[in-house]
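Single-structure report; data block below.
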Amino acid sequence: MSFEDFVDERMLVSHDIFGKKEMKIKVLEVSDEHSPVHWKFGDRVKINKILVTVKHLDTQQVEEAEFDIDKIEKELIEKRHYTSTNRWVPANDIKNGYVVNSRHTSLISDAVALDYIVF
């Protein structure tokens, strides 16, 4: 393994405010749609499906769920007349198939608004 291929695990894990849960997000499906403003924001991909893994640190229990972000986004628009998801993620923020922790909130915001995820 070369140094360029090494990814620090801490970069992929986000924690809840109380430090009792950890979350990782794996990319399952990416849209073939091209970024509309490549020149401004760089190389980005539109994520359709993710696998969210939440680990409860006090009990070591692990929960996993697959989310279709596109479907959740449409449901939130229909029910609440807004959406907050930004599914366009810079290609550099995907490491070994996982999304870096700084992008977690933007990917799960609609699922949290519909109470699919409590984190």
Side-chain angles (χ1 to χ4, degrees):
M1 175 186 266
S2 68
F3 182 74
E4 291 82 29
D5 295 334
F6 176 75
V7 176
D8 188 359
E9 184 74 14
R10 295 175 294 184
M11 187 180 199
L12 306 176
V13 176
S14 59
H15 295 84
D16 71 336
I17 195 161
F18 302 112
K20 294 184 178 189
K21 297 178 187 177
E22 290 181 344
M23 177 173 49
K24 280 177 73 173
I25 297 178
K26 182 173 180 71
V27 177
L28 296 180
E29 184 180 303
V30 176
S31 172
D32 57 355
E33 186 177 336
H34 295 290
S35 178
V37 285
H38 176 76
W39 59 271
K40 186 174 183 180
F41 297 111
D43 190 20
R44 298 182 308 157
V45 294
K46 189 174 187 180
I47 298 177
N48 288 339
K49 290 185 181 180
I50 58 174
L51 177 70
V52 177
T53 305
V54 176
K55 181 178 181 181
H56 300 267
L57 298 175
D58 51 349
T59 63
Q60 298 301 311
Q61 178 187 4
V62 176
E63 298 177 66
E64 284 189 337
E66 184 177 317
F67 291 97
D68 185 337
I69 301 175
D70 184 39
K71 183 179 168 186
I72 291 172
E73 184 177 35
K74 289 175 183 172
E75 181 182 348
L76 189 65
I77 291 170
E78 180 183 307
K79 289 183 176 179
R80 309 265 174 87
H81 306 291
Y82 83 97
T83 182
S84 58
T85 298
N86 181 3
R87 298 186 297 138
W88 289 99
V89 175
N92 294 346
D93 287 350
I94 299 174
K95 309 285 185 188
N96 295 342
Y98 287 90
V99 179
V100 296
N101 58 10
S102 62
R103 298 289 175 178
H104 288 180
T105 303
S106 65
L107 286 175
I108 66 166
S109 59
D110 285 350
V112 170
L114 291 170
D115 294 326
Y116 290 145
I117 298 175
V118 178
F119 188 72

Side chains of residues 23-32: which donor-acceptor partners sit under 3.5 Å, not counting sequence neighbours?
from: Lys24; atom 1: NZ; to: Glu9; atom 2: OE2; distance (Å): 2.8
from: Glu29; atom 1: OE2; to: Asn48; atom 2: ND2; distance (Å): 3.4
from: Ser31; atom 1: OG; to: Glu33; atom 2: N; distance (Å): 3.0

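Residues Glu22 and Leu57 share a closest heavy-atom pair of CD-CD2, 3.7 Å. In this structure, His104 and Ser14 approach most closely via the heavy-atom pair ND1-OG, 2.8 Å. When all heavy atoms of Phe67 and Ile72 are compared, the pair lying nearest together is CD2-CD1, 3.5 Å. Shortest non-hydrogen contact noted between Arg103 and Pro90 is NH2-CG, 3.4 Å.
Both Tyr82 and Ile69 are members of a single hydrophobic cluster when ILVMFWY side chains are connected at heavy-atom separations under 4.5 Å.
Of the inter-residue distances, the one linking Asp110 atom CG with Tyr116 atom OH reads 10.5 Å to the nearest 0.5 angstrom. Expressed to the nearest 0.5 Å, how far OG of Ser109 lies from CZ of Arg87 amounts to 11.0 Å. Between atom CG of residue Leu12 and atom CG of residue Asp93 there is a gap of 10.5 Å, rounded to the nearest 0.5 Å. Note: Asn86 CG to Ile47 CD1 = 9.5 Å, rounded to the nearest 0.5 Å.
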For this session: Walk me through it: do Ile50 and Ile108 pass the test side-chain contact (heavy atoms from CB on, under 4.5 Å)?
Result: CA-CA 9 Å; Ile50 58 174; Ile108 66 166; 4.2 Å; yes
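A donor-acceptor pair under 3.5 Å is formed between the side chain of Asn101 and the backbone N or O of Val13.
Between Lys55 and Gln60 there is a side-chain heavy-atom pair separated by less than 4.5 Å. Between Leu114 and Arg80 the shortest side-chain heavy-atom distance falls below 4.5 Å.
Taking the side chain to side chain contact (heavy atoms under 4.5 Å, CB included) definition, one finds that Gln61 meets it with His56, Thr59, Glu63, sequence neighbours left out.
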